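See below for the structure under consideration.
Just so you know, these numbers come straight off a predicted model, no measurement behind them.
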Amino acid sequence: NKILSNASIGIELWEGLWSGKLTYNLISNNIIAFNSSRFIRLEAYAQHTRIYNNVIYSNAARLYCKADSPEIIGNEIFYNGEQNIYLENSQDGIISNNNIYGASDYNIYIFSSVLDSHDNLITRNKIHNGRYGVRFMNGAVLNKICYNEVYSNSSSGIYLRGLTGMPPPYSNKIYRNIIRNNNRGISIGFKAVDIEIINNNFYNNTNYAVSISGEASAKIYNNIFLS
């Protein structure tokens, strides 16, 4: 299918907000482009939706997901406004084997105001050429970023931080990634705590491989750092 040039959202799954039955959906093998709002919107009861093997580009805004257990696998997702993928209060999701690039701000953004974006797995993706590759904000907890190649992001490859008055990101694990050619490899900011950075390869990051500031804390071990 081709889902092109719609005046609002490309695909929206949300009526389950009342019925509670909008589960186990499949969105696959589509071209989704030039829509004037979010290219896909998944509201809270659109659980267990698989987004597989699509080409998604040049939409005005992101994949927006508030549902649990999304599977975003094997897609090429690029140049969709400020963020390519935005998860809010979403848990047990998988973002895997995608090529994600060209967001003007964050290629992947995971956020929660209530400690409810947890146990998501970001693995085996290429994440590149945004301002930030991956950002965890506020109550994003117990998530894993592993086996990705994160490169050529103009600010940070991976960025974790909280905001005043909101729960911080904590207990997230970053391991076995290649993090290269970013301005900063990993930035850990305001009150992001108990972050584990393990067995990653860092090279050719312009300023810092790892930067920690603002009441943040991390465990850093068994990594390789090269200029």
Apply the test side chain to side chain contact (heavy atoms under 4.5 Å, CB included) to residues Leu121 and Ile145: give CA-CA distance (whole Å), side-chain angles for both, the deciding distance (0.1 Å), then the verdict. CA-CA 6 Å; Leu121 174 64; Ile145 304 173; over 6 Å; no
For Asp194 and Lys219: C-alpha separation, side-chain torsions, deciding distance, then whether salt bridge (charged side-chain N to carboxylate O under 4.0 Å, His left out) applies. CA-CA 7 Å; Asp194 193 30; Lys219 301 172 185 176; 3.8 Å; yes
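Contact check on Arg180 versus Glu149 returns a salt bridge, with a Lys/Arg side-chain nitrogen under 4.0 Å from an Asp/Glu carboxylate oxygen. With salt bridges taken as basic N to acidic carboxylate O contacts below 4.0 Å, none links Asp119 and Lys144.
Looking at Ser213, Ser156, Ser211 one by one, the single match for side-chain hydrogen bond (donor to acceptor under 3.5 Å, both in side chains) with Ser187 turns out to be Ser156. Here the options are Asn84, Asn30, Ile32, the test is side-chain contact (heavy atoms from CB on, under 4.5 Å), and the partner is Ile56; only Ile32 passes. Between Tyr101 and the choices His128, Glu76, Lys126, the side-chain hydrogen bond (donor to acceptor under 3.5 Å, both in side chains) rule is met once, by Glu76. Looking at Ile122, Val134, Ile158 one by one, the single match for side-chain contact (heavy atoms from CB on, under 4.5 Å) with Ile174 turns out to be Ile158.
In summary, the side chains of Tyr221 and Glu196 do present a donor paired with an acceptor at a separation below 3.5 Å, with no hydrogens or angles considered.
When every heavy atom of Ile197 is checked against every heavy atom of Ala218, the shortest pair comes out as CD1-CB, 4.5 Å. The two residues Asn181 and Asn205 have their closest heavy-atom pair at N-OD1, 3.5 Å.
Rounding to the nearest 0.5 angstrom, the gap separating the CG atom in Asn54 from the CD1 atom in Ile77 is 8.0 Å. Between the CG atom in Asn53 and the CG atom in Asn75 there is a gap of 7.0 Å [rounded to 0.5 Å]. Distance check: Tyr109 OH to Tyr64 OH gives 11.0 Å after rounding to the nearest 0.5 Å. Note that CG of Asn201 and CZ of Phe225 are 10.0 Å apart. Values are rounded to the nearest 0.5 Å. For the atom pair Ile110 CD1 and Ser117 OG, the distance stands at 6.5 Å (nearest 0.5 Å). Distance SG/Cys65 to CZ/Arg41: 11.5 Å, rounded to 0.5 Å.
Using cut-offs of 30° and 60° on the angle between ring planes, the pair Tyr175 and Tyr147 is perpendicular.
For Asn89 (side chain) and Ser112 (main-chain N/O), no donor-acceptor pair under 3.5 Å exists by modelled atom type. Between the side chain of Thr49 and the backbone N or O of Ala46, at least one donor-acceptor pair lies under 3.5 Å.
Ring-centre distance between Phe136 and Phe111: not below the 6.0 Å cut-off. Aromatic pair Tyr79/Tyr57: ring centres not closer than 6.0 Å.
When hydrophobic clusters are built by joining Ile, Leu, Val, Met, Phe, Trp and Tyr residues whose side-chain heavy atoms come closer than 4.5 Å, directly or via intermediates, Ile195 is grouped together with Ile108.
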